[in-house]
Amino acid sequence: MVSERLMLMSEAASTRPVVTRFAPSPTGYLHIGGARTALFNWLYARGRGGKFLLRIEDTDRERSTPEATAAILRGLTWLGLDWDGEAVSQFEQRHRHADVAREMLARSAAYKCFSTQEEIEAFREAARAEGRSTLFQSPWRDADPATHPDGPYVIRMKAPREGETVIEDAVQGTVKFGNDQLDDMVCLRSDGTPTYMLAVVVDDHDMGVTHVIRGDDHLNNAARQTMVYRAMGWEVPVWAHIPLIHGPDGKKLSKRHGAVGLEEYQAMGYPAAGMRNYLTRLGWSHGDDEFFTSEQAKNWFDLSGIGRAPARLDFKKLENLSGQHIAAADDAALLHEIQAYLAAAAQPALTEAQVHGLLRAMYCLKDRAKIFPELIDKAYFILKQRPMEPDAQATKSLDPVSRGILSELTPRLQSASWERDGLEAVVAEVAGAHGLGLGKIAGPLRAALAGRTVSPSVFDMMLVLGRDETIARLDDAAGQP
RNA sequence: GGCCCGUUCGUCUAUCGGUUAGGACACCAGGUUUUCAACCUGGUAAGAGGGGUUCGACUCCCCUACGGGCUGCCA
């Protein structure tokens with residue numbers, strides 16, 4: 001079956017340049033599952049020199065909002081998924097959709113149905129009562145146009161009633177549907193607006209989409225959509241229906257899982273690269289590769305590597321990957337991302353002095369943080385100005401004896417050479433004079449320099465802080481009552 | 001109810017009929033260590049159940065169970 005999937009893909013890839021799309025409906029924030037769908041489409045197109053398009057499915061006028069559209073665009077931008085051209089509004093294509101519906105009418109691939117909602121409901125209830133299929137069978141399907149009343153109607157597709165419709169899916173394999181399971185779907189509503197089922201097909205065709213990669217909740221729809229493609233004589237795209245993402249408990253993702261919106265992850269301080277890596281790996285694999293860059297992902301990503309079972313969110317792994325990406329990131333890029341994080345988390349922006357300090361300290365900060373809040377926390381020693389105001393824990397290690405030792409350290413630091421080896425030697429010497437190990441003196445030293453018990457290495461802090469600031473902080477601590 | 005999809009360690013996954021079923025995260029134990037993070041060593045841990053097919057099934061087929069999706073003039 002796998003080789004079958006591979007064949008399917010290479011066939012399409014060789015005939016047309018790849019065009020994928022992400023088509024969210026703007027009825028809320030960008031869902032984490034949607035973000036992964038977008039990511040897969042982006043990866044597939046970008047890895048093949050193709051195009052990645054964006055289409056806002058805003059035909060539901062009741063629920064669509066410009067705010068939601070903006071949030072989705074923000075989310076994609078944060079994740080680093082750039083799209084080609086302008087985002088297309090599906091609503092704006094409504095006249096084109098209606099034209100296609102009428103074209104289907106002209107081709108006898110569709111018909112006018114004058115049944116009212118009440119009639120349809122009555123039909124379904126009767127069907128249910130008799131144990132028959134509740135799929136609506138319109139009495140107008142083969143009616144003589146001469147008998148058409150002068151009332152509102154919908155345009156329904158004239159779907160074949162016998163035989164089967166086969167979907168060749170790059171992820172799910174060959175999926176067959178009995179045509180008796182598919183009803184005559186409505187293409188154009190009685191108010192003249194198109195339904196989603198028609199609009200997607202028309203838009204995907206018009207946009208030249210070659211590969212439709214989307215959630216497997218659309219697998220059934222693919223069958224009916226295939227009928228529209230056939231009715232219009234259009235080339236059917238390669239389908240790839242990917243499994244949905246579930247919460248840590250294995251249930252469908254919902255608000256009670258806490259973080260479902262992509263932007264919440266930015267606000268929690270996950271780096272975009274870590275997020276991309278994690279999401280790419282969720283439901284897709286390239287052998288045993290776990291940590292990789294987006295460049296590698298683009299080169300490796302393939303529809304055949306997508307799994308068929310729904311995956312659960314695992315925050316621990318997300319954190320681990322995020323930490324690796326923070327450690328591997330370029331300092332300047334990291335700084336920018338941290339500033340964006342602070343804004344997203346509604347925290348005060350960094351002052352110029354803090355920016356410079358953070359940049360100098362970055363080397364000893366980035367390999368000990370998994371997410372940005374942790375990095376910021378450990379950067380406290382450089383972000384905070386004197387006096388350090390040690391917290392309760394730090395205060396404990398600044399007992400009178402320790403403060404005495406610190407004051408002995410100060411004059412020696414005055415003359416020490418300010419590089420790592422020299423500092424280590426001085427501190428070791430003073431500790432040795434009291435018959436203490438480095439561990440005993442590092443505690444108070446850390447408390448004096450950082451005001452905290454968690455920080456980078458004391459020597460790194462001294463190096464970053466410089467001689468004057470280091471000594472000033474030691475004096476502050478030694479002078480504490 | 002009908003149709004469709006799925007099911008390998010706790011989690012993400014590798015495996016394209018022949019492996020002591022591998023890796024990663026998490027977890028446990030030990031080591032290293034100036035805190036945290038990291039690092040090193042070792043360890044626990046998996047093919048939903050039942051039938052076939054086959055010399056041989058995690059891999060192919062069927063049934064059952066469980067989970068999910070669809071079944072709208074929502075998308």
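In what follows, chains are A, B, ... by sequence order, proteins preceding strands, each numbered from 1. Scope of the values below: all heavy atoms of this structure, side chains included, with no hydrogens, waters or symmetry mates.
- Counting non-hydrogen atoms under 4.0 angstrom, Ser285(A) reaches the backbone sugars and phosphates but no base.
- Listed pair Arg156(A) / C73(B) meets the phosphate criterion, a side-chain N or O lying under 4.0 Å from OP1 or OP2.
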Yes or no on side chain to side chain contact (heavy atoms under 4.5 Å, CB included) for Met462(A) and Trp418(A), after CA distance, side-chain angles and deciding distance?
CA-CA 8 Å; Met462(A) 286 190 247; Trp418(A) 212 258; 3.9 Å; yes

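- Looking at Ser457(A), its side chain comes within 3.5 Å of the base of U34(B) through a donor and an acceptor atom.
- For Arg368(A) and U35(B), a side-chain-to-base donor-acceptor distance below 3.5 Å is present, hydrogens and geometry of angles not being considered.
- Distances shown here put a side-chain N or O of Lys370(A) below 4.0 Å from the OP1 or OP2 atom of A38(B).
- The nearest whole Å value for the distance from the CG atom in Leu135(A) to the C1' atom in C70(B) is 11 Å.
- Nucleic acid contact class of Leu282(A) (heavy atoms, under 4.0 Å, all strands): sugar-phosphate only.
- Looking at the side chain of Val454(A), the nearest of the listed nucleotides A26(B), U34(B), U35(B) is U35(B).
- Arg21(A) pairs with exactly one of Asp204(A), Asn41(A), Asp203(A) by the side-chain hydrogen bond (donor to acceptor under 3.5 Å, both in side chains) rule, that one being Asp204(A).
- Within the nucleic acid shown, Val154(A) comes within 4.0 Å of at least one base atom, counting heavy atoms only.
- If you check G47(B) for Watson-Crick or wobble pairing at under 3.5 angstrom, you find it has no partner at all.
- Residue Asn221(A) is classed as a base contact, given a heavy-atom separation below 4.0 Å to a base.
- Between Met268(A) and Tyr341(A), the closest side-chain pair of non-hydrogen atoms is not below 4.5 Å.
- At the phosphate of A75(B), OP1 or OP2 sits under 4.0 Å from a side-chain N or O atom of Arg189(A).
- Here C4(B) presents its C1' atom at 12 Å from CG of Asp169(A), a figure rounded to the nearest Å.
- At whole-Å resolution of the value, CZ in Arg128(A) and C1' in U71(B) are 11 Å apart.
- The ring of Trp140(A) has its center no closer than 6.0 angstrom to the ring center of Tyr111(A).
- Judged by Watson-Crick or G-U wobble contacts below 3.5 Å, the nucleotide G42(B) has C28(B) as its partner.
- The base of G2(B) does not come close enough to the side chain of Gln181(A) for any donor and acceptor atom to sit less than 3.5 Å apart.
- Following rounding to the nearest Å, Lys440(A) (NZ) and U35(B) (C1') show an atom-to-atom distance of 13 Å.
- Lys378(A) contributes a side-chain N or O that forms a donor-acceptor pair with the base of C36(B) under 3.5 Å.
- Looking at heavy-atom distances under 4.0 Å, Lys176(A) makes contact with sugar-phosphate atoms alone, never a base.
- In this model, a side-chain donor or acceptor of Ser190(A) finds a partner on the base of C73(B) within 3.5 Å.
- Across all strands shown, C58(B) has no partner, as no Watson-Crick or G-U wobble contact with both distances under 3.5 Å is found.
- Side-chain N/O atoms of Lys317(A) and base N/O atoms of A24(B) include a donor-acceptor pair closer than 3.5 Å.
- As the counterpart of G1(B), U71(B) is assigned, both hydrogen-bonding distances of the Watson-Crick or G-U wobble pattern falling under 3.5 Å.
- If you check C16(B) for Watson-Crick or wobble pairing at under 3.5 angstrom, you find it has no partner at all.
- None of Arg102(A), His95(A), Arg96(A) except one satisfies the side-chain hydrogen bond (donor to acceptor under 3.5 Å, both in side chains) rule with Asp99(A); the exception is Arg102(A).
- Across every strand in view, U34(B) sits unpaired, with no contact that passes the Watson-Crick or G-U test at under 3.5 angstrom.
- Within 4.0 Å of Val458(A), counting heavy atoms only, lies at least one base atom of the nucleic acid.
- Looking only at distances, no side-chain donor or acceptor of Ser402(A) sits under 3.5 Å from a matching main-chain atom of Leu398(A).
- Nucleic acid contact for Gln117(A): base, since at least one base atom lies under 4.0 Å from a heavy atom of the residue.
- At a threshold of 4.0 angstrom between heavy atoms, the contacts of Leu188(A) with the nucleic acid are absent.
- Scanning atom types as modelled, no donor and acceptor separated by under 3.5 angstrom connect the side chain of Asp216(A) and the base of G69(B).
- Separation of the His148(A) and Tyr153(A) ring centroids does not fall under the 6.0 Å cut-off.
- Checked by distance alone, Arg312(A) brings no side-chain donor or acceptor within 3.5 Å of a matching partner on the base of U11(B).
- In this structure, Leu182(A) places its CG atom 15 Å from C1' of G69(B), rounding to the nearest Å.
- Within 4.0 Å of Arg420(A), counting heavy atoms only, lies at least one base atom of the nucleic acid.
- Under the Watson-Crick and G-U wobble criteria, each requiring two contacts below 3.5 Å, nucleotide C9(B) is left unpaired.
- Counting non-hydrogen atoms under 4.0 angstrom, Arg124(A) reaches the backbone sugars and phosphates but no base.
- Within the nucleic acid shown, Tyr278(A) has no heavy atom closer than 4.0 Å to any nucleic acid atom.
- Put simply, the side chain of Trp239(A) reaches to within 4.5 Å of the side chain of Thr226(A), judged on heavy atoms.
- Between Leu279(A) atom CG and U13(B) atom P the separation is 12 Å, expressed in whole Å.
- Note on Met185(A): nothing from the nucleic acid sits closer than 4.0 angstrom, heavy atoms only.
- Among the atoms of the strands shown, only primed sugar atoms or phosphate atoms (P, OP1, OP2) are found under 4.0 Å from some heavy atom of Thr59(A).
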